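Remember, predicted model here, so these are calculated numbers, not experimental data. Each chain gets a letter, A, B and so on, in the order its sequence line appears, and its residues count up from 1.
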2 protein chains.
Amino acid sequence: MSAPVKTLPGTRKSAIRQENQAHILLAAEKVFAEYGYKGATTGLIAEVAGVPKANVHYYFGTKENLYRHVLEDIVATWFAAAAEFDSLDDPEAAISHYVRLKLRLSKERPMGSKVFANEIIHGAPHLIGYLQTTLRQWADAKAAVIERWAEQGKIRPVDPRHLLFMIWATTQTYADFGVQVRAVLGVEELTDADYERAAETLTTVILRGLLAG
Amino acid sequence: MSAPVKTLPGTRKSAIRQENQAHILLAAEKVFAEYGYKGATTGLIAEVAGVPKANVHYYFGTKENLYRHVLEDIVATWFAAAAEFDSLDDPEAAISHYVRLKLRLSKERPMGSKVFANEIIHGAPHLIGYLQTTLRQWADAKAAVIERWAEQGKIRPVDPRHLLFMIWATTQTYADFGVQVRAVLGVEELTDADYERAAETLTTVILRGLLAG
DNA sequence: TCATCTCCTGACCGATCGGTCAAGATAGGA
DNA sequence: TCCTATCTTGACCGATCGGTCAGGAGATGA
């Protein structure tokens, strides 16, 4: 009776609401990854999720808002994973661990990686703030750790940020450019052994490239 | 009077035709890179090219056909560049040369790289044949060269294809993920010095990781 | 000069998409 | 049981987009 504020109904989290939102989010991640933001249609997302199109708009309002939720979900997952980087003092263990972690994310959540890649390629209109604040600070912190390793003689001097780009690029390529990887390897799908081989190659080359002596 | 075949008029290359097509292709590469295939509109491409929308369709027929031309242009450029890889017997010179070459392409033709990346991320519907034939054969040939290096003791044994993925990913990330790179480095635009620093880091880490001893 | 291509372009069309809406179905606490 | 908030859905709408077309403007060679 008081203020008829135009919010999405049901801010409270009913069981039905939570479950439907989760289904739609999962379908949206898949469709956004496969067709891009513009190419994805709310109708197709609804179809994949197994609900009428109006239902998608009932729960998320606009396509833009749904996309934002998908992005936030991905960023949160990745950021949680990134927290494990500096838990170790030993560069060999830390980098090896981080590379394998990122590689596992590429394998288990390729759709999320593709949505993120798409967003960045197109200028990161929704994530530019995140890149310039949170991610940059995170990278600064990691760079400090890497530089300390160099000072302590644990690794050779290296530009820490370019090293980070290197790790990100080499691990995410197995998700984002999966089709190319499969074509070159001549396989239908990457097996656990393929991923292990990738992890072995990446960690070996990078660590040998970094470690002193 | 004979066969009224429905082809695009003027297969002959008039000066006007060539110039207009070049303008439109350039604009299309930019718009496709920025907005993706679906997100790009023929109207915007026309506006960027400085011609009426009908003119775009006059020269290229469909959006799909225009996109195909843009892709072919990019693939041709990249493939021409790739030919320089095995011109050298020395792994250090060959890899260093190839990395710097790819990095220069990322710097000078980032839009093309983005269009290509977009195509691959979305499953490469137009390039799957190219990936499975031309690119795969090229990669096989390069893999043989790399394996010979290992047999000759010039480098340590390494999976040659994963090494290629590594080089591709680390160099192209400076074009495709340019926004992220700039945000982390805290700069408005990458300078020649930034690219030199990237080249130095990449070649150093990879070569130290590869070379024996 | 005339004929005949090629080029140019505003106006238009059908299809599709994001989003709305009204009305019915359902669930659950009092 | 009844009431109310939430959920569900087909039908619909305005906007936008790819593509078409008719007809005028230029160019070119005979």
When rounded to whole Å, the CD to P distance for the pair A:E64 and C:dG19 reads 9 Å

Spacing between B:K38 atom NZ and D:dC17 atom P, to the nearest angstrom: 11 Å

Got a sec, which pairs hit ring pair (Phe, Tyr, Trp, His ring centres under 6.0 Å) with one end in residues 101-123 of chain A, sequence neighbours left out? A:W78-A:F116

Salt bridge check: are A:E147 and A:K142 linked by an N-O gap of less than 4.0 Å? no

Could you state the NZ-C1' distance from B:K63 to D:dG18, rounded to the nearest angstrom? 8 Å

Nearest-Å distance, CG (A:N65) to C1' (C:dG19)? 13 Å

A:Q18 has an atom CD; how far is it from atom C1' of D:dT6, in whole Å? 15 Å

Under 4.0 angstrom between A:R17 side-chain N/O and D:dC7 OP1 or OP2: yes

Under 3.5 Å, which donor-acceptor pairs do the side chains of residues 41-48 of chain B form with other protein atoms, sequence neighbours left out?
from	atom 1	to	atom 2	distance (Å)
B:T41	OG1	B:L44	N	3.0

Does A:K53 have any side-chain hydrogen bond (donor to acceptor under 3.5 Å, both in side chains) partners at least two apart in sequence or in another chain, and if so, which? none

Taking atom C1' of C:dC17 as reference, at what distance in whole Å does atom OH of A:Y35 sit? 15 Å

Students often get this wrong, so: under 4.0 angstrom with heavy atoms, is A:A46 touching a base, only sugar-phosphate, or nothing? nothing

With sequence neighbours excluded, what pairs up with A:E64 under the side-chain hydrogen bond (donor to acceptor under 3.5 Å, both in side chains) test? A:R68, A:H126

May I have the distance from A:E19 (atom CD) to C:dT26 (atom C1'), rounded to whole angstrom? 15 Å

Just how far, in rounded Å, is P of C:dG19 from CD1 of A:I45? 10 Å

Does A:H23 have any ring pair (Phe, Tyr, Trp, His ring centres under 6.0 Å) partners at least two apart in sequence or in another chain, and if so, which? none

Considering only nitrogen or oxygen atoms on both sides, find all protein atoms under 3.5 Å from nucleotides 8-14 of chain D and state each distance.
from	atom 1	to	atom 2	distance (Å)
D:dT8	OP1	A:N20	ND2	3.3
D:dT8	OP2	A:N20	ND2	3.0
D:dT8	OP2	A:Y59	OH	2.8

